Amino acid sequence: MSVANGDPRPGRQQAADDLLPLAVARPAEAFGAAETLLAQSPDPRTASIAHQAKGIVLRDSGRAAEAIAELRRAVRLAGRSGDPERTADVEATLGLTLGLAGRAAEGLTALDHAVALSNGIHSGRVLMRRGYLLRVLGRYDEALADLRRAVKVLRTGGDRLWEARSRTHRFLVYAALGQATRADRDLVIAEQLLTAEGQDLESAMAVHNRADLAYQRGDLPEALGFLDEAGARYAALQTSWPSLAIDRSAVLLAAGLAGEALASAEEALANETGNGTATADLLFAAAQAAQAAGQAALAGERAAAAAELFRRQGRKSWQARASFVVLQSRYDAGQRGARLSTQAGRVADRLDELHSAEAASAHLFAGRLAAEVGRRDDADRHLATAARFRRRGPAYGHAAGWLAEALRAEGRGATAATLIACRRGLQAAGDHQRSLAAPELRAHAAAYGTELAALAQRHAVRRGDARMLLRWSELWRAGALAVPPVHGPDDRELAEELAALRNITARLNESAPGPVTDRLLTDRTRLESAIRSRTRRLAARPTSTPTTSGDLEELLGGLGEHRLVELTEVDGELFAISVVGRRVRMHRVGPVAAAVREIELARFMLRRLARGRPPARALEALETAGKRLQQVLLGPAAADLHRGNPSGPVVVVPTARLQSAPWAMLPALGAVPLTVAPSAALWLKAGRTKAPSRRRVALVVGPGLDGSGGELELINKGYPDAITLLDQSATAEAALAALDGAWTAHIAAHGIFRTDNPLFSNFTLHDGPLTIYDLGRLRRAPQRLVLSSCESGVAAAVGADELLGVVSALVPLGTASLLASVVPVNDAATAGLMVDFHEHLRGGASFGTALRAVRASIADDPVMLATALSFVALGC
């Protein structure tokens with residue numbers, strides 16, 4: 001074996017030759033080995049390899065300046081070695097590193113020189129690195145030419161590792177150009193080659209790339225799963241990868257989770273140093289997320305900074321993308337006018353020329369602005385371009401294309417075409433939501449569907465057509481809860497994570513402030529993140545289209561003796577649609593903001609009374625508050641409820657923002673059987689639910705409730721065969737087993753509503769919290785469920801008519817009737833009310849009828865009445 005440059009120690013040379021593959025496979029190990037080798041005063045060629053390995057590790061860790069310094073040393077040493085191939089190789093690494101650090105021209109010069117120096121198999125390796133940088137710069141045609149040559153040379157030369165790397169970068173180019181079949185083929189081959197070569201880091205990168213392919217297909221849960229797997233692999237290799245945060249932010253944005261997308265990008269940005277390509281990409285990701293999250297100032301700041309870096313780096317396509325976000329942020333901040341419209345049109349056309357993923361959104365934006373300033377021809381052109389995407393590209397973008405088509409038709413005054421586009425767009429938005437499966441993703445992915453429904457609702461309001469308004473209100477909101485949430489009960493890892501969360505929460509409740517509590521809080525945050533991630537990517541997808549119907553005649557015929565009031569929001573105004581008999585009427589009520597404000601005042605009053613110290617003339621104050629609440633929630637529609645059968649049952653369908661209203665406080669609703677439902681179609685469906693053949697009853701009582709023992713004993717007398725869980729037997733797993741498939745169930749436990757993440761809202765049991773995620777593991781939820789706990793009926797509004805909370809978890813799993821509170825309640829008063837409520841249930845009363853009877857029996861006691869008014873009957 002000949003040893004280059006007369007080094008008599010072949011073992012050292014072999015160690016040096018192993019360093020470069022190791023720098024990518026196991027970076028931390030390679031860095032240590034390189035330093036050990038350099039400490040032995042090696043020959044120039046060996047030293048060049050060691051410094052190159054250190055430079056690669058430093059570059060991939062985000063330490064660009066240190067990496068460039070190491071690589072310049074490596075170039076000098078390679079020159080001293082007299083080996084032109086060694087010089088070409090390290091100069092190629094330096095050129096790529098300079099380019100990724102934002103010094104594109106300098107980097108390409110070095111890469112061009114390296115290409116000129118190299119030949120044979122080495123030329124393939126150099127071409128791959130130049131193709132990599134050209135891809136980052138958005139020069140896709142040039143990148144593709146280099147990478148095609150590289151793949152051919154490396155495959156012919158039998159260099160499987162570098163062929164895999166070249167295919168990986170070619171995959172990314174094909175994916176960016178929308179050539180999914182070619183992209184997928186390259187990725188499959190690259191992954192096989194990398195696995196065979198034992199490249200741990202690059203195998204992790206291949207998993208990361210699979211996330212990009214899933215994202216391109218529109219399979220967001222799968223994309224999130226691959227990103228989580230790649231993140232775990234990177235962490236195990238003790239390396240960071242800025243593009244992971246960038247890609248996660250993009251997927252979260254597509255799922256409608258703008259807040260999380262922004263947090264992911266900002267956290268990565270805080271850890272990034274320098275002004276390289278990674279910094280620019282992270283700034284851009286943060287800008288997009290901030291814009292979607294409604295933070296216009298931050299979006300403009302981040303986008304402008306990104307655009308400037310892209311300009312310096314010569315990344316023209318990326319500069320155009322950032323400029324689009326700058327214009328969006330200006331519009332969101334209130335800027336209007338012809339100049340902004342002109343700028344938006346230019347950016348949209350530029351993004352279209354560049355085949356950018358944002359082209360459809362940019363044309364939609366430009367079309368809106370042109371319409372606002374009266375440029376009809378420009379508006380039609382841009383909207384027509386955006387509308388092309390209604391049938392192509394990822395599924396999550398189809399609804400945007402239909403929205404553009406609807407706006408275009410509306411601009412022409414073509415009402416029928418507008419409504420057809422709205423209907424098809426709602427179907428596309430619904431299909432996308434249902435493909436997400438996990439309720440959190442579904443609820444947040446509703447933006448375009450909400451706007452399409454609002455567009456049709458405006459037509460109904462302008463026409464004064466109550467039936468049309470009801471039909472369109474139902475068409476969108478009825479699908480929100482039409483598919484099952486999260487997992488089945490057999491996901492062992494999810495069950496273990498939820499059990500660990502209960503354990504940590506229980507320990508938190510017992511610990512005093514200090515380091516132990518801080519660690520527990522960190523552990524809780526980590527576990528909650530893992531649970532969210534798991535349920536998002538592994539939720540079972542629906543196997544069929546939901547059966548909820550938009551047939552208005554079927555709904556009207558199914559009401560029977562019930563009267564219906566459905567509320568909907570149109571441009572900040574609240575409208576009430578009343579249905580009495582088969583007569584449908586529409587009423588303008590007033591500003592939605594006024595209704596939200598009055599609800600909060602009413603809930604404050606009920607909370608105050610629940611403390612057991614009613615002020616003087618409390619009953620009169622309740623009555624006055626109820627009248628004010630009725631005026632802002634029902635307005636003229638209240639009079640309709642006195643027609644037909646004034647004492648008959650009423651169904652109220654509120655918007656999500658009004659879900660937490662204490663409806664029984666309203667004079668028109670307090671003396672009648674009242675049910676609240678998320679949609680009229682789902683109320684109708686719930687009423688047709690058949691009772692289980694075995695009428696099993698489950699009673700669960702959590703710790704720390706005043707009067708709970710007596711309450712349970714009295715309720716239990718009416719259900720002699722009930723499964724009863726109390727004290728130490730009332731654990732989460734025992735409760736789930738008892739609740740699964742029960743006919744009637746009652747949970748008496750302290751409830752906590754989590755505004756930061758409603759699906760972690762919970763009921764406190766003996767071993768800790770029973771969360772909404774736990775309830776999602778039921779095979780079949782109880783058909784009738786009573787929740788005598790604090791704020792158990794509150795749900796968070798995350799879209800116009802989307803809910804996250806108990807309702808979203810239980811209704812799709814079979815719960816037809818649900819009793820829950822909208823404010824914290826008085827435990828002692830609640831205990832007595834629940835005994836009476838169950839007595840009426842056993843007599844055959846519906847939930848709404850039983851609750852009305854309870855209210856009537858305590859009308860003179862302000863504390864008891866306030867407690868009763870805090871409960872709502874949901875479902876049927």
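Remember, it's a predicted structure, so these values are computed and weren't measured experimentally.
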Which one of T675, L874, L841 satisfies the side chain to side chain contact (heavy atoms under 4.5 Å, CB included) criterion with F847? L841
One should read off an interatomic distance between L865 CG and L609 CG, to the nearest 0.5 angstrom, of 8.5 Å
If the condition is side-chain hydrogen bond (donor to acceptor under 3.5 Å, both in side chains), which residues does E229 pass it with, not counting sequence neighbours? R233
Counterpart residues, side-chain hydrogen bond (donor to acceptor under 3.5 Å, both in side chains), relative to R248 (two or more places apart): D228
Whether the side chain of T867 engages the backbone of V863 through a donor-acceptor N/O pair (distance < 3.5 Å, no angle test) should be reported. yes
Does T689 have any side chain to side chain contact (heavy atoms under 4.5 Å, CB included) partners at least two apart in sequence or in another chain, and if so, which? R780, Q783, A816
Hey, could you give me the CG/CZ distance between L521 and R519, rounded to the nearest 0.5 Å? 11.0 Å
Could you tell me the separation between the CD1 atom of I747 and the CG atom of L770, rounded to the nearest 0.5 Å? 6.0 Å
Provide the closest heavy-atom pair for A661 versus V872 in the form atom of the first, atom of the second, distance. O-CG1, 4.0 Å
For a side chain to side chain contact (heavy atoms under 4.5 Å, CB included) check, start with the C-alpha distance between L787 and L818, then their side-chain angles and the critical distance, and finish with the verdict. CA-CA 8 Å; L787 300 172; L818 178 69; 3.8 Å; yes
Pair D727-H766, side chain to side chain contact (heavy atoms under 4.5 Å, CB included): steps then yes or no: CA-CA 6 Å; D727 298 328; H766 174 74; 6.0 Å; no
Between CZ on residue F763 and OG1 on residue T771, distance to nearest 0.5 Å: 10.0 Å
Contacts of H208 that satisfy side-chain hydrogen bond (donor to acceptor under 3.5 Å, both in side chains) - sequence neighbours left out: Y234, D247
Any donor-acceptor pair under 3.5 Å from R696 side chain to A738 backbone: yes
Stepwise side chain to side chain contact (heavy atoms under 4.5 Å, CB included) check, W663 with L633: CA-CA 9 Å; W663 295 98; L633 287 174; 3.6 Å; yes
Is the number of heavy atoms from other residues, nucleotides or ligands within 6.0 Å of CD (E600) greater than 12? yes
Indicate the atoms forming the closest heavy-atom contact of L851 with F837, along with that distance. N-CE1, 3.8 Å
Close side-chain approach of M834 and F871, heavy atoms under 4.5 Å: yes
If I compare all heavy atoms of S473 with all of E566, which pair ends up nearest, and what's the gap? CB-OE2, 3.6 Å
Over-ring placement of R695 relative to Y719, 6.0 Å and 45° cut-offs: no
Closest contact, heavy atoms only, S679 versus V653: CA-CG1, 3.6 Å
S870: side-chain hydrogen bond (donor to acceptor under 3.5 Å, both in side chains) partners, not counting sequence neighbours: none
Side chain of R603, backbone of V822: donor and acceptor closer than 3.5 Å? yes
Heavy atoms, side chains only, cut-off 4.5 Å: are L252 and L224 in contact? yes
Donor-acceptor side-chain pairing of H746 and S788 below 3.5 angstrom: yes
Nearest heavy-atom approach of L833 to A868 is CD1-N, 3.6 Å
Distance in Å, L699 CG paired with T724 OG1, rounded so as to fall on 0.5 Å steps: 4.5 Å
Taking the side chain from S729 and the backbone from L726, do they hold a donor-acceptor pair closer than 3.5 Å? yes
Let me confirm one number: the CG-CG distance from L669 to L869, rounded to the nearest 0.5 Å. 11.5 Å
How close do S817 and T815 get, counting heavy atoms only, and between which atoms? O-CG2, 3.5 Å
Side chain to side chain contact (heavy atoms under 4.5 Å, CB included), that's the test. Do T731 and L765 meet it? Break it down for me. CA-CA 6 Å; T731 63; L765 298 183; over 6 Å; no
Could you work out, with side chain to side chain contact (heavy atoms under 4.5 Å, CB included) as the rule, every residue matching R502, not counting sequence neighbours? L498, A499, A732, E733, D767, P769, D774
Do any N or O atoms from the side chain of R784 and from the backbone of L819 form a donor-acceptor pair under 3.5 angstrom? no
